[in-house]
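Here the structure comes first, spelled out in structure tokens, and everything after it is commentary.
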Amino acid sequence: MKNTERLAVETTGNNMGSYEETYQSFDWSQVEKAFTWSQTGKVNAAYEAIDRHAESGKQDRIALMYSDPNRNETYTFKEMKEKSNQFGNVLRRIGIKKGDRVFIFMPRTPELYFSFLGTIKIGAIVGPLFEAFMEVAVKDRLENSEAVALVTTPALLERVPVDELPHLKHIIIVGTPEETPEGYYNFAEEMQKSSTELEIEWVNREDPMLMHYTSGSTGKPKGVLHVHNAMIQHYQTGKWVLDLQDGDIYWCTADPGWVTGTSYGIFAPWLNGVTNVIRGGRFNPDDWYQTLAKNKVTVWYSAPTSFRMLMAAGDEVVKKYDLSSVRHILSVGEPLNPEVVRWGKQVYGKRIHDTWWMTETGGILIANYPQMEIKPGSMGRPFPGVQAAIIDDEGNELPPYHMGNLAIKTPWPSMMRQIWKNPEKYQEYFRIPGWYISGDSAYKDEDGYFWFEGRLDDVINTSGERVGPFEVESKLVEHPAVAEAGVIGKPDPVRGQIIKAFVALRAGYHASDELKEEIRMFVKTGLAAHAAPREIEFKDKLPKTRSGKIMRRVLKAWELGLPTGDLSTMED
Ligand code: PRX
């Protein structure tokens with residue numbers, strides 16, 4: 001298990017100094033004085049991200065650099081301040097109050113960002129939903145959060161079962177007035193009517209700000225709640241991990257429907273006052289390299305699946321673009337293969353810095369830093385102010401090279417504060433006193449580098465997107481041909497894992513490729529494209545416990561040709 005390969009430091013990074021020394025001396029309270037609220041005791045993270053810069057000499061700096069196949073727009077910090085103020089006023093006029101849930105279900109466009117910031121500015125809780133979600137997924141999330149307002153587009157509105165959502169009172173349409181149904185608000189018209197001055201809602205640092213739904217191994221998706229205080233972590237990890245410096249042009253490829261797209265697609269860059277590149281549209285190697293080259297991106301944060309797809313696209317395509325502006329590259333979301341790190345070094349001339357964290361942690365906890373040697377395949381070392389450890393199920397710390405629970409000493413600034421309306425679920429993460437249990441298994445080496453091993457539950461990570469098998473299984477059994485379904489993650493060289501479903505058919509239905517495709521499309525159009533099984537295998541019967549629970553562990557063993565282990569709880 002010992003790994004001797006090292007990638008040497010390339011740049012020292014201007015920000016952090018020596019990792020060891022900083023780790024020893026740092027404590028989170030040092031960050032507070034960076035912000036206005038250290039003087040007033042009251043805070044608003046959107047103010048700190050945008051208005052603070054607009055009011056301190058950076059008003060004309062470009063905050064948002066947006067492009068998609070049809071639009072090319074830039075907005076300065078001053079313009080971002082005004083647009084988000086206008087949106088805050090729209091919500092106030094409608095009657096939205098502090099603590100109300102306002103959800104945003106739309107593709108990445110500037111309006112998404114104005115809405116996101118404006119919602120936070122009035123103290124409401126923002127919930128961004130990934131645009132690929134279909135009806136059931138949208139309904140589950142809006143229902144559980146009891147969202148009172150939704151910002152969406154005419155096309156996506158079709159997937160919102162408005163009549164079944166009694167709490168949802170207000171819908172704001174980003175589209176033309178003609179496309180805006182009677183009784184709904186038109187985004188542009190409402191913005192037009194609204195002042196660019198807003199009285200910000202000053203809140204306490206522990207007041208709620210943001211919700212992301214995420215999957216566990218059982219049950220429906222869970223609403224992970226974050227508070228304004230998370231900005232402390234977003235800001236400081238932005239400085240020391242993303243190495244953000246004055247004048248940087250930063251591109252995070254994640255959608256705000258996922259936590260990376262908010263913590264590091266909104267807060268970290270803007271809290272640090274740098275230019276944030278946002279690109280709409282789908283993945284395509286040429287477009288991606290062009291985005292880096294055309295915008296002269298200096299810091300680039302993406303995910304292993306994307307790097308693997310870029311690697312598959314070949315080295316020749318890289319040579320067509322001038323990527324010399326890129327200074328720092330980072331990755332998150334799934335294991336970053338050593339060969340991808342080596343390839344990145346070879347074709348980009350840069351190291352790819354892996355980072356580890358989760359929706360629940362709100363911000364980066366373990367990372368590779370510019371001034372630290374990289375051991376390809378390792379997630380790196382804990383962020384200053386963060387204590388990470390490998391512990392057994394009783395809470396004992398394990399020595400180097402012993403696999404166990406990857407756990408974090410509580411608390412840290414961006415830690416989730418609630419699972420929405422589900423305190424029991426929240427408590428499960430903290431079942432060992434003093435620790436947050438991540439659900440990942442990992443080990444630590446003698447230098448304190450952490451190495452990811454796998455999930456300890458059935459959560460699937462496909463292309464860096466977290467999918468709960470239960471959600472997929474629930475959708476599958478709604479199909480008339482499906483009697484039972486069990487869903488697992490199957491290892492895949494590009495996507496990390498793909499979703500594989502084992503399906504037992506109802507009497508009268510016969511296995512065929514057409515039926516497989518039909519079932520796959522049923523999930524794709526009913527739940528979400530990324531949640532649709534890429535592989536379906538029909539079985540006469542699925543392995544179940546006596547209480548009727550599908551044994552995914554056994555399905556996995558079948559798939560991988562491994563021993564099935566203890567079957568004493570299996571039904572006859
Ligand atoms: O299993 C770990 C994996 O992604 C999970 C968290 O997923 P999510 O909440 O969607 O957040 C992803 C982006 C913050 C973790 O429990 N994961 C995340 N980063 C890494 C990783 N696995 C291996 N290496 C990583 N660097």
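- Judged by distance alone, the side chains of Thr355 and Tyr301 do bring a donor and an acceptor atom under 3.5 Å apart.
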Would Arg279 and Asp287 satisfy salt bridge (Lys or Arg N to Asp or Glu O under 4.0 Å), going step by step from the backbone distance to the final call? CA-CA 10 Å; Arg279 184 185 173 281; Asp287 291 352; 3.2 Å; yes
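- Cation-pi geometry between Lys350 and Trp300 is not met: the NZ or CZ atom fails to fall both under 6.0 Å from the ring centre and inside 45° of the normal.
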request  = Any chance you could lay out the side chain to side chain contact (heavy atoms under 4.5 Å, CB included) test for Val160 and Glu158, step after step, and finish with the verdict?
outcome  = CA-CA 6 Å; Val160 184; Glu158 289 171 20; over 6 Å; no
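- Taking the six-membered ring for Trp and the full ring otherwise, Phe450 and Trp356 have centroids separated by 6.0 Å or more.
- For Asp492, the side chain to side chain contact (heavy atoms under 4.5 Å, CB included) partners at least two apart in sequence or on another chain are Val494, Arg495, Ile498.
- In Arg71, the CZ atom is crowded: over 12 heavy atoms of neighbouring residues, nucleotides or ligands sit closer than 6.0 Å.
- Separation of atoms CE (Met379) and CD1 (Ile364) is listed at 12.5 Å; rounding is to 0.5 Å.
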### Query
Given the rule in the side chain to side chain contact (heavy atoms under 4.5 Å, CB included) test, do Ile437 and Tyr429 qualify, once you have shown the distances and angles that lead to the verdict?
CA-CA 5 Å; Ile437 309 296; Tyr429 291 93; 5.7 Å; no
request  = Take Tyr509 and Val482 through the test side chain to side chain contact (heavy atoms under 4.5 Å, CB included) and record every step on the way to the result.
outcome  = CA-CA 9 Å; Tyr509 287 92; Val482 177; over 6 Å; no
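- Side-chain contact between Arg351 and His353 is present, with heavy atoms from C-beta onward closer than 4.5 Å.
- Between Ser438 and Leu406 the shortest heavy-atom distance is OG-O, 2.7 Å.
- Using a 4.5 Å cut-off on side-chain heavy atoms (C-beta onward), Phe538 and Lys516 make contact.
- The closest donor-acceptor contact from the side chain of Thr564 to the backbone of Val554 lies at 3.5 Å or more, if one exists at all.
- For the pair Phe105/Thr153, no side-chain contact is recorded, criterion being any heavy-atom separation below 4.5 Å from C-beta on.
- Atoms CG and CD1, on Asp255 and Ile278 in that order, are 9.5 Å from each other to the nearest 0.5 Å.
- Taking both residues in full, the closest heavy atoms of Trp288 and Ser302 are given as CZ3-OG, 3.4 Å, listed atom of the first, atom of the second, then distance.
- Considering CE of Met416 and NZ of Lys222, their distance stands at 11.0 Å, rounded to 0.5 Å.
- Here the shortest heavy-atom pairing between Ala132 and His530 reads CB-ND1, 4.2 Å.
- Contact annotation: the side chain of Tyr66 approaches that of Thr109 to within less than 4.5 Å [non-hydrogen atoms, C-beta and beyond].
- Of all non-hydrogen atoms in Leu157 and Pro181, the two that sit nearest each other are CD2-CG, 3.8 Å.
- Listed here is the closest heavy atom pair of Asn186 and Gly175: ND2-O, 2.9 Å.
- Ring centroid separation for the pair Phe87 and Tyr113 does not come in under the 6.0 Å cut-off.
- Side-chain atoms of Val174 and Thr152, non-hydrogen and from C-beta on, never get closer than 4.5 Å to each other.
- Of the possible polar contacts, none joining the Thr119 side chain to the Ala124 backbone as a donor-acceptor pair under 3.5 Å is found.
- Taking the six-membered ring where the residue is Trp, Trp343 and Tyr348 present perpendicular rings, their angle passing 60° and hence far from 30°.
- Atoms CD and NZ, from Glu316 and Lys319 in turn, are 4.0 Å apart once rounded to the nearest 0.5 Å.
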### Message
Run the side chain to side chain contact (heavy atoms under 4.5 Å, CB included) test on Ile550 and Leu555 for me, step by step, so that the C-alpha distance in whole Å, both residues' side-chain angles and the decisive distance to 0.1 Å come before the verdict.
### Response
CA-CA 9 Å; Ile550 306 268; Leu555 294 173; 3.9 Å; yes
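- Within 6.0 Å of NZ in Lys524 there are 12 or fewer heavy atoms belonging to other residues, nucleotides or ligands.
- With hydrogens and angles left out, the side-chain atoms of Asn461 and Arg455 include no donor and acceptor closer than 3.5 Å.
- Between Glu473 and Arg552 there is a salt bridge, since a side-chain N of the basic residue sits under 4.0 Å from a carboxylate O of the acidic one.
- Between Arg553 and Asp458 no salt bridge is recorded (no basic side-chain N to carboxylate O distance below 4.0 Å).
- Between Glu428 and Arg431 there is no salt bridge, since none of the side-chain N atoms of the basic residue sits less than 4.0 Å from a carboxylate O of the acidic one.
- In this structure, Leu505 CG and Leu515 CG are separated by 5.5 Å, a value rounded to the nearest 0.5 Å.
- Between Arg466 and Glu334, none of the side-chain N atoms (NZ, or NE/NH1/NH2) sits under 4.0 Å from a carboxylate O, so this pair counts as no salt bridge.
- Atom NZ of Lys500 has more than 12 heavy atoms from other residues, nucleotides or ligands within 6.0 Å.
- Note that CD of Glu518 is 10.0 Å distant from CD1 of Ile536, once rounded to the nearest 0.5 Å.
- Taking the charged nitrogens against the carboxylate oxygens, Arg159 and Glu135 have no contact shorter than 4.0 Å, which rules out a salt bridge.
- Counting non-hydrogen atoms of other residues, nucleotides and ligands closer than 6.0 Å to NZ of Lys549 gives a total of 12 or fewer.
- When side chains are defined from C-beta on, Phe103 does not count as touching Val126, because their heavy atoms never get closer than 4.5 Å.
- Checking side-chain atoms of Asn276 against main-chain N and O of Gly265 turns up a donor-acceptor pair under 3.5 Å.
- Side chains of Gln233 and Ser414: a donor on one and an acceptor on the other come within 3.5 Å.
- Phe430 and Tyr426 have tilted rings, their planes meeting at an angle from 30° to 60° on a 0 to 90° scale.
- The shortest distance between side-chain heavy atoms of Leu292 and Tyr321 does not fall below 4.5 Å.
- Leu225 is listed as a side-chain neighbour of Ile125, based on a closest heavy-atom distance under 4.5 Å.
- By the 4.0 Å N-to-carboxylate-O rule, Arg101 lies too far from Glu143 to be salt-bridged with it.
- Using a 30° and 60° split on the angle between ring planes, Tyr264 and His234 fall in the perpendicular class, above 60°.
- A distance-only check finds no donor-acceptor pair linking the side chain of Ser378 to the backbone of Ile374 [under 3.5 Å].
- Paired with Glu471 under the rule salt bridge (Lys or Arg N to Asp or Glu O under 4.0 Å), one option of Lys220, Arg141, Lys139 passes, and it is Arg141.
- A distance-only check finds a donor-acceptor pair linking the side chain of Arg417 to the backbone of Met415 [under 3.5 Å].
- Cation-pi contact between Lys475 and Phe522: present, with separation from the ring centre below 6.0 Å and deviation from the ring axis of at most 45°.
- Shortest non-hydrogen contact noted between Pro128 and Leu210 is CD-CD1, 3.7 Å.
- No side-chain N or O of Glu465 forms a donor-acceptor pair with one of Ser463 less than 3.5 Å apart.
- Residue Asn72 qualifies as enclosed at atom CG: its count of foreign heavy atoms under 6.0 Å is above 12.
- In this structure, Thr361 contributes its side chain and Met358 its backbone to a donor-acceptor pair below 3.5 Å.
- In this structure, a donor-acceptor pair under 3.5 Å is absent between the side chains of Tyr213 and Asp140.
- A salt bridge links Lys544 and Glu484; the closest N-O separation between the charged side-chain nitrogens and carboxylate oxygens is under 4.0 Å.
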